[in-house]
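To start, the structure under review is shown below, and the notes come after it.
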Amino acid sequence: MAELDLDASFIPALHKPPSLLPIAKHRESLLYVVETFPITIIIGQTGSGKSTQIPQFLERAGWCSDGKIIGVTQPRRVAATTVALRVADEVGCEIGKEVGYSIRFEDVTSASTRIKFLTDALLIREALADPLLSRYSVIMVDEAHERSISTDVLLGLLKKIRKKRPELRIIVSSATLQAEEFLKFFTQSSGQESQKEEDGQPSNEIATIVSLEGRTYPIDTLYLESPAEDYVEKAVNTVFDIHTQEGEGDILVFLTGREEIDNAIQMVAERAAQLDSRHGPLQPLPLYAGLSTEQQMYVFDKTPDGTRKVVFSTNIAEASVTIDGIVHVIDCGFVKLRAYNPKTGIETLTTTPISKASASQRAGRAGRTKAGKCYRLYTEDAYQTLPETNPPEIQRSNLASTILQLKALGIDNVVRFDFLSAPPSELMSKALELLYSLGALDEYAKLTQPLGSRMAELAVEPMMAKTLLSAPQFNCLSEMLTIAAMTSLGGNVWFYHDGERNKMESSRRKFAVEEGDHLTLLNVYQTFITKGKKEAKFCHDHNLNYKSMTRAISIRAQLKRYLERFNIGVDETLSSNQQSSSTVDHGKKAEQIRRCLTSGYFAHAARMQPDGTYRNVEGGTILHAHPNSLMFNRKADWVVFHEIMETGEKTYIRDITKIEKNWLVEYAPEFYRLSGTATRA
DNA sequence: GAGCACTGC
């Protein structure tokens with residue numbers, strides 16, 4: 001059970017024989033359009049079958065005849081695998097033969113593969129080795145309207161590739177709202193090349209929009225008459241109204257985060273006790289990414305007859321997780337959105353009103369199996385003031401790794417790159433500055449060799465990539481591989497059940513290593529591998545997330561393969577006997593690791609103040625050790641940290657390790673001499 | 001004393 005992946009159990013709600021799908025009658029015209037236009041924008045409603053049928057149409061029409069293949073990208077791993085499995089089933093082949101998929105850690109393709117599903121991030125990675133993506137005759141970019149950074153970068157690349165490969169066919173699947181924007185992007189020449197459109201085609205012959213109708217059920221949308229003061233309370237009230245007044249069908253409630261979800265469930269549990277016995281029982285369940293796999297699985301279980309399931313979820317249920325049997329959706333109208341401030345280098349996580357596109361996506365979760373209802377916990381006037389869409393990710397993120405990747409793809413002038421939506425210049429220059437200070441770019445902003453191109457290939461963020469590539473000099477590569485893998489888990493190392501928070505805290509203390517969180521994570525991993533024998537039971541007993549821990553093993557192995565490809569050997573003999581090593585040895589090893597971390601994370605340094613808070617190097621911002629950090633209640637002087645994030649009122653730093661102040665100047669002399677700030681804090 | 005929305009390589 002513990003091995004069962006939530007993702008793998010995702011069952012497409014709409015399983016109709018392909019010939020009955022509305023798309024079937026458009027086969028001929030679709031093929032004609034793809035034949036005629038290099039770029040086709042497909043507006044495919046939910047249930048139109050576009051992702052599964054179009055690749056098959058193309059394959060049968062001969063688009064793979066000269067040994068080339070059809071590639072279909074998805075923003076998420078789950079979608080890539082489930083759609084591939086379904087198409088393989090329809091074609092009647094074994095997965096990995098004519099139809100296959102490729103996602104990180106899993107390449108299920110072979111020499112006979114003709115239709116390949118993959119994540120868009122992985123296709124970008126393929127472009128590092130094959131810049132013109134020459135294996136592909138057709139590339140279909142699915143769910144492009146979600147506008148992930150990878151999708152945006154991929155679309156820019158494809159537009160560039162098309163100039164050199166006019167025969168390549170590009171299909172972009174989009175929601176109605178964004179179709180025109182995609183069309184405009186592909187038909188307009190980018191500024192500097194406006195004079196010479198290489199294939200000389202008029203723009204109205206380059207791209208066109210095709211719309212496919214879908215199969216969904218009607219959804220009644222209801223608004224509040226006056227704004228709600230407390231949407232969590234209002235959501236709970238609405239749950240009880242539905243339960244006592246409406247017919248059967250499960251409820252999905254969108255809230256913004258874990259705290260709200262836990263509170264709401266508590267309230268439902270309390271009020272349900274007073275419920276009139278003629279109403280069936282209510283079963284409230286939480287759903288958010290931080291839950292362990294087992295905890296997430298409950299939302300898919302069928303409830304006993306008469307019991308109504310109420311899933312309180314974050315945005316994870318908006319597109320990533322689909323639950324069958326939802327008839328009522330309650331939408332609080334807010335979402336937590338990540339943004340990055342290039343002036344301070346601090347990420348913020350802020351509760352923000354959703355977009356109209358989000359509101360409609362949330363409502364759509366109600367009408368998948370029969371007619372449904374959506375209760376919006378805001379007024380219709382408030383709805384009208386919502387933005388059509390949220391700003392794309394690429395305009396509100398730290399772009400260091402994106403810029404590094406573009407450089408590695410041979411795009412020297414990243415500022416002139418043809419972005420679907422150009423990022424603000426402050427974001428670009430901030431990223432360029434960091435990459436320069438890490439040594440990935442030279443003073444002409446050219447990728448350095450071998451450091452820069454190796455950093456671009458490693459699947460970790462640039463500061464960690466630099467740390468890893470410095471590790472051999474500090475004689476701690478094996479340990480740093482583990483630390484890189486563990487920090488990549490993004491805080492999902494520990495879990496706890498209701499009321500077991502103290503148990504988790506004491507579990508965590510058992511693994512604590514004095515020097516900080518990075519060494520503690522190293523200790524957790526090594527204990528899991530050795531004493532814990534990589535078993536789920538060990539994780540369960542110590543409040544560790546088993547899925548995360550196995551993921552750390554995969555990430556570590558992959559990073560190690562990359563290093564070996566760079567001819568950097570990893571000596572694993574030192575780390576394996578760490579258990580028995582003396583205190584002196586530990587201190588020495590720990591110092592090497594701390595120095596090594598400083599060589600990559602010098603830009604993330606802070607100093608503790610007498611009151612226990614920290615100041616960053618510029619000195620202006622009050623930073624708090626995150627309560628999940630070992631350093632939350634310990635003394636330190638100078639530290640480096642992995643991540644900095646502002647949530648609500650406070651700015652937190654996470655994954656913190658003690659360092660010596662003079663190491664900063666030793667490993668980043670230019671950074672600290674130029675800014676002259678190291679001594680000010 | 002007090003708390004990460006979601007993806008991906």
Side-chain angles (χ1 to χ4, degrees), chain A residues 7 73-80 102-107 118-128 143 146-154 254-262 287-291 313-321 332 334-339 347-352 354 358 390 393 396-397 401-402 404-405 408 455-462 464-465 484-485 488-496 501 504-505 551 554-555 558-559 561-562 611-613 624-629 632-634 642-655:
Chain A
D7 302 343
T73 72
Q74 297 287 341
R76 282 174 294 280
R77 297 160 52 91
V78 205
S102 191
I103 58 177
R104 188 183 188 184
F105 310 132
E106 269 181 82
D107 182 10
L118 70 173
T119 52
D120 38 25
L122 202 61
L123 187 60
I124 293 174
R125 197 154 272 267
E126 284 189 10
L128 282 174
E143 313 288 355
E146 289 188 19
R147 302 293 307 274
S148 71
I149 291 184
S150 301
T151 303
D152 274 21
V153 167
L154 181 59
F254 284 99
L255 295 174
T256 71
R258 168 178 200 158
E259 198 182 353
E260 286 174 7
I261 289 168
D262 289 348
L287 179 65
Y288 46 86
L291 290 174
S313 174
T314 61
N315 231 25
I316 193 172
E318 193 177 294
S320 309
V321 174
C332 78
F334 289 89
V335 66
K336 277 188 190 168
L337 217 57
R338 209 214 278 262
E347 281 193 314
T348 55
L349 194 60
T350 324
T351 303
T352 320
I354 56 171
S358 253
N390 282 319
E393 209 184 352
R396 51 182 170 87
S397 303
S401 49
T402 306
L404 186 60
Q405 201 160 36
M455 281 173 63
E457 276 203 61
L458 286 171
V460 286
E461 47 157 347
M464 187 53 89
S488 296
L489 301 176
N492 283 332
V493 177
W494 307 93
F495 81 94
Y496 60 88
R501 191 176 294 193
M504 180 201 66
E505 297 288 355
R551 191 175 156 78
S554 306
I555 296 173
Q558 191 191 42
L559 291 171
R561 282 198 300 275
Y562 273 111
D611 67 355
T613 64
H624 299 265
H626 191 277
N628 281 355
S629 169
F632 179 59
N633 49 12
R634 290 183 196 222
H642 180 68
E643 197 181 42
I644 176 164
M645 184 171 270
E646 184 189 324
T647 54
E649 298 297 295
K650 284 185 174 171
T651 305
Y652 292 99
I653 53 178
R654 302 168 68 96
D655 292 340

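Below, chains carry the letters A, B, ... as their sequence lines are ordered, and counting in each starts from 1.
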Sugar-phosphate only, base, or nothing, as touched by A:Ala121 at under 4.0 Å among non-hydrogen atoms: sugar-phosphate
For A:Glu461, salt bridge (charged side-chain N to carboxylate O under 4.0 Å, His left out) partners two or more places apart: none
5' priority, DNA chain B, between A:Gln558 and A:Leu349 [closest heavy atom]: A:Leu349
Test side chain to side chain donor-acceptor pair (under 3.5 Å) applied to A:Asn492 - qualifying residues, sequence neighbours left out: none
Short N-O contact, A:Glu146 and A:Arg76, less than 4.0 angstrom: yes
Sugar-phosphate only, base, or nothing, as touched by A:Leu337 at under 4.0 Å among non-hydrogen atoms: nothing
Sugar-phosphate, base or nothing in reach of A:Ser148, heavy atoms under 4.0 Å: nothing
Sugar-phosphate only, base, or nothing, as touched by A:Asn633 at under 4.0 Å among non-hydrogen atoms: base
Sugar-phosphate only, base, or nothing, as touched by A:Arg654 at under 4.0 Å among non-hydrogen atoms: base
Sugar-phosphate, base or nothing in reach of A:Gly648, heavy atoms under 4.0 Å: nothing
Sugar-phosphate only, base, or nothing, as touched by A:Arg76 at under 4.0 Å among non-hydrogen atoms: sugar-phosphate
For A:Gln405, all residues meeting side chain to side chain donor-acceptor pair (under 3.5 Å), sequence neighbours excluded: none
Sugar-phosphate only, base, or nothing, as touched by A:Tyr652 at under 4.0 Å among non-hydrogen atoms: sugar-phosphate
Aromatic plane relationship, A:His626 with A:Tyr652 - under 30° parallel, 30 to 60° tilted, over 60° perpendicular: perpendicular
Leading and trailing nucleotides of DNA chain B with any atom under 4.0 Å from heavy atoms of chain A: B:dG1 to B:dC9
Touch class at under 4.0 angstrom, heavy-atom based, for A:Ile124 against every strand present: nothing
By side-chain contact (heavy atoms from CB on, under 4.5 Å) - contacts of A:Tyr496 (at least two apart): A:Arg258, A:Glu500, A:Arg501, A:Met504, A:Asn543
Touch class at under 4.0 angstrom, heavy-atom based, for A:Glu646 against every strand present: nothing
Sugar-phosphate only, base, or nothing, as touched by A:Asn628 at under 4.0 Å among non-hydrogen atoms: base
Touch class at under 4.0 angstrom, heavy-atom based, for A:Glu457 against every strand present: nothing
Sugar-phosphate, base or nothing in reach of A:Arg147, heavy atoms under 4.0 Å: nothing
Touch class at under 4.0 angstrom, heavy-atom based, for A:Thr314 against every strand present: sugar-phosphate
Listed partners of A:Thr352 passing side-chain contact (heavy atoms from CB on, under 4.5 Å), at least two apart: A:Leu337, A:Thr350
